[in-house]
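One structure is given here, and the rest of the page talks about it.
The basis for the numbers below is simple: all heavy atoms, side chains too, and nothing from hydrogens, waters or symmetry mates. In each ligand, atom 1 is the first atom listed, and ligand 1 is the first ligand listed. This one's a predicted model, so the numbers in the text were calculated from it and none came from an experiment.
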Amino acid sequence: QSQEVSQARIDYHVALQALQEHGTRMVCSGKMHTDRICRFDYLCYCSEAEEFVFFHSNSSVMLPNLGSRRFQPALLDLSSVEDHNTQYFNFLELPAAALKFMPKPVFVPDVTLILNRFNPDNLMHVFHDDLLPAFYTMKQYSDLDDEARLVFMEGWSEGPHFDLYRLLSSKQPLLKEQLRNFGKLMCFTKSYVGLSKMTTWYQYGFVQPQGPKANILVSGNEIRQFARALMEKMNITRTEEADKDAGSAEDEKENKKKDEYIVVFSRSTTRLILNEAELIMALAQEFQMRVITVSLEEQSFPSITQVISGASMLVSMHGAQLVTSLFLPRGATVVELFPFAVNPEQYTPYKTLASLPGMDLHYISWRNVKEENTVTHPDRPWEQGGIAHLEKEEQERILASKDIPRHLCCRNPEWLFRIYQDTLVDIPSFLEVLKEGMKTKPSLKKTKITSTVHPGRVREPQCQTSVQTTNEAKLTVSWQIPWNLKYLKVREVKYEVWIQEQGENTYMPYILPQQNYTFSENIKPFTTYLVWVRCIFNKNLLGPFADVLMCRT
Ligand code: UDP
């Protein structure tokens with residue numbers, strides 16, 4: 001390992017002198033520990049103490065300078081999971097003068113991104129918590145390029161998906177346990193610490209029952225750009241794309257239809273579909289398509305991705321493997337199966353992913369409601385859903401329950417018991433749900449023309465008023481189109497006008513197709529009205545309101 005981080009590119013004495021003279025410099029973004037990412041010059045790591053070290057000198061910088069608030073509770077989250085108390089980052093402080101008495105530091109010349117992986121054994125966690133956040137953190141800081149070095153500090157070994165982490169940069173990522181190979185003191189010439197949480201869409205239920213994040217900031221576009229970049233690194237090309245120029249349009253349509261297929265993502269150790277063959281036959285017959293099965297136990301990740309990236313439908317039991325739906329082509333359908341007593345509405349990481357705006361996936365869930373079709377495993381270890389260790393009464397309560405009550409992550413025995421059941425899928429009810437669900441599938445053509453360009457403000461808003469009688473008045477509001485509209489083809493342009501009588505706390509909203517309107521209903525003489533106007537494209541793309549108008553009748 002150690003020869004990989006070569007010392008050739010930096011002059012050792014220059015670096016050492018810089019560290020001794022200038023110490024460590026830190027400049028961060030983010031107001032809170034939960035949204036902070038810090039950039040360091042000469043952040044050091046002492047493998048003996050397993051601590052990062054900040055060296056103070058006359059020219060060191062520490063921004064934010066939090067004093068002891070740095071420990072309340074931490075400087076920042078080292079994983080993308082919000083405020084998890086096992087994922088905090090902090091450093092120890094020393095005067096640079098102490099370097100004289102310390103082991104000679106080894107310098108890491110690469111620009112380094114330091115982070116914690118949250119749960120590298122689980123594919124959902126790998127993508128949602130680590131790969132996407134790391135990918136977009138690297139996009140945020142341009143010196144975290146293809147040559148960047150990633151350092152994983154959570155302390156786990158490589159794990160089953162390490163090849164995926166390798167795709168993020170051309171350099172081998174380092175694990176915490178490998179850092180001691182660099183000697184007792186290593187110093188990162190330039191490093192970033194922390195991960196962007198901008199792309200995460202799900203909270204796992206540490207403080208409230210699991211569910212979509214309150215304020216999702218990512219759209220399908222960013223997820224798909226990431227998926228495309230990863231596929232490129234895995235040398236996967238979409239076959240559909242390659243075939244584009246072959247034959248006439250009609251032929252192409254025929255061929256495409258013939259080439260369409262369904263993927264069943266199967267699990268071979270836990271949470272099984274007991275009648276997978278029957279399910280596959282039913283799917284093939286219902287949709288007149290080929291059905292291909294994949295599993296993490298049978299195929300390499302790139303070959304699974306290749307298959308999924310051309311599929312029309314992905315069918316799977318609830319589970320981490322469903323995160324691979326981010327590789328599905330637009331317009332595909334995700335079908336998620338839930339074991340007995342598990343409510344699909346309460347476990348929605350994959351539904352949320354499929355439903356992100358612009359992801360353009362259609363999501364359908366099916367739930368086993370027949371208790372005779374479930375196979376439980378009460379005698380397994382607790383982490384695989386066993387309940388033998390519980391008191392008799394608790395066991396009986398769990399066995400009698402037909403719906404898991406809301407619960408927190410991660411060791412709720414009833415949840416584990418139910419989620420690790422195997423299921424005999426009732427084919428008629430499955431097909432019924434599927435057929436019903438496909439009725440509401442939007443056509444891709446329609447979604448494609450929905451642009452995501454928002455209107456600008458309406459320009460030159462004006463009002464004119466006139467008093468008719470002692471209790472009748474008129475209010476005419478007019479405006480010009482938003483500046484960007486003249487460059488756009490928009491299917492439907494409408495305007496929204498809000499009218500509020502000054503001092504009242506309610507307002508009347510109006511939707512109008514034209515650029516002016518005379519209001520006379522509910523308009524009183526000798527009254528001041530506040531009027532807001534905004535433009536709306538295609539029913540739901542809202543523009544900003546123009547400055548409020550004060551209109552006195
Ligand atoms: N897994 C799998 N086949 C199985 C069981 C699990 O490939 O039969 C994978 C699963 O996709 C995940 C990891 O092993 O990446 C851990 O599975 P677990 O059931 O613990 O988590 P879940 O899928 O419920 O998130």
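By the 3.5 Å distance cut-off applied to N or O atoms, L296 is not counted among the residues near ligand 1.
There is a protein heavy atom less than 4.0 angstrom from atom 20 (O) of ligand 1.
With a 6.0 Å radius and a threshold of 12 heavy atoms from other residues, nucleotides or ligands, Q285 has its CD atom at or below the threshold.
Considering only non-hydrogen protein atoms, atom 12 (C) of ligand 1 sits nearest to A320 CB, 3.5 Å. The protein non-hydrogen atom at the shortest distance from atom 16 (C) of ligand 1 is N122 ND2, 3.9 Å.
For an aromatic pair to be called close, the ring centres must be under 6.0 Å apart, and H128 with F226 fails this.
Considering R267, E383, E298, R271 only, the shortest heavy-atom separation from atom 24 (O) of ligand 1 involves R271. For atom 2 (C) of ligand 1, the choice among E297, Q321, H161 with the nearest heavy atom turns out to be E297.
Atom numbering of ligand 1 starts at 1 in the shown order; those under 4.0 Å from a heavy atom of L123 are 15 (O). The distance from ligand 1 to the heavy atoms of G319 drops below 4.0 Å at these ligand atoms: 23 (O). Less than 4.0 angstrom separates some heavy atom of D121 from each of these atoms of ligand 1: 13 (C), 15 (O). Residue Y420 has at least one heavy-atom neighbour below 4.0 Å for each of these atoms of ligand 1: 18 (P), 19 (O), 20 (O).
Y420 does not carry R380 over the face of its six-membered ring by the limits of under 6.0 Å from the centre and within 45° of the normal. Figure legend: cation-pi geometry between R70 and F91, with NZ or CZ positioned under 6.0 Å from the six-membered ring centre and within 45° of its axis.
A donor and an acceptor atom, one from each side chain of S79 and E154, are nowhere located under 3.5 Å apart. Judged purely by distance below 3.5 Å, without hydrogens or angles, the side chains of Q72 and R69 never pair a donor atom with an acceptor atom.
Looking at M124 against ligand 1, nothing comes within 4.0 Å, counting heavy atoms. Counting heavy atoms closer than 4.0 Å to ligand 1, residue S268 contributes backbone atoms (N, CA, C, O) but none from C-beta onward. Within the 4.0 Å heavy-atom criterion, neither part of L272 lies near ligand 1.
Comment: D403 engages R367 in a salt bridge, judged by a side-chain N to carboxylate O separation of less than 4.0 angstrom.
Checking each of K233, K171, R166 against D146 for a salt bridge (charged side-chain N to carboxylate O under 4.0 Å, His left out) leaves exactly one that passes, namely K233.
Atoms CZ and OG1, from F206 and T86 in turn, are 7.5 Å apart once rounded to the nearest 0.5 Å.
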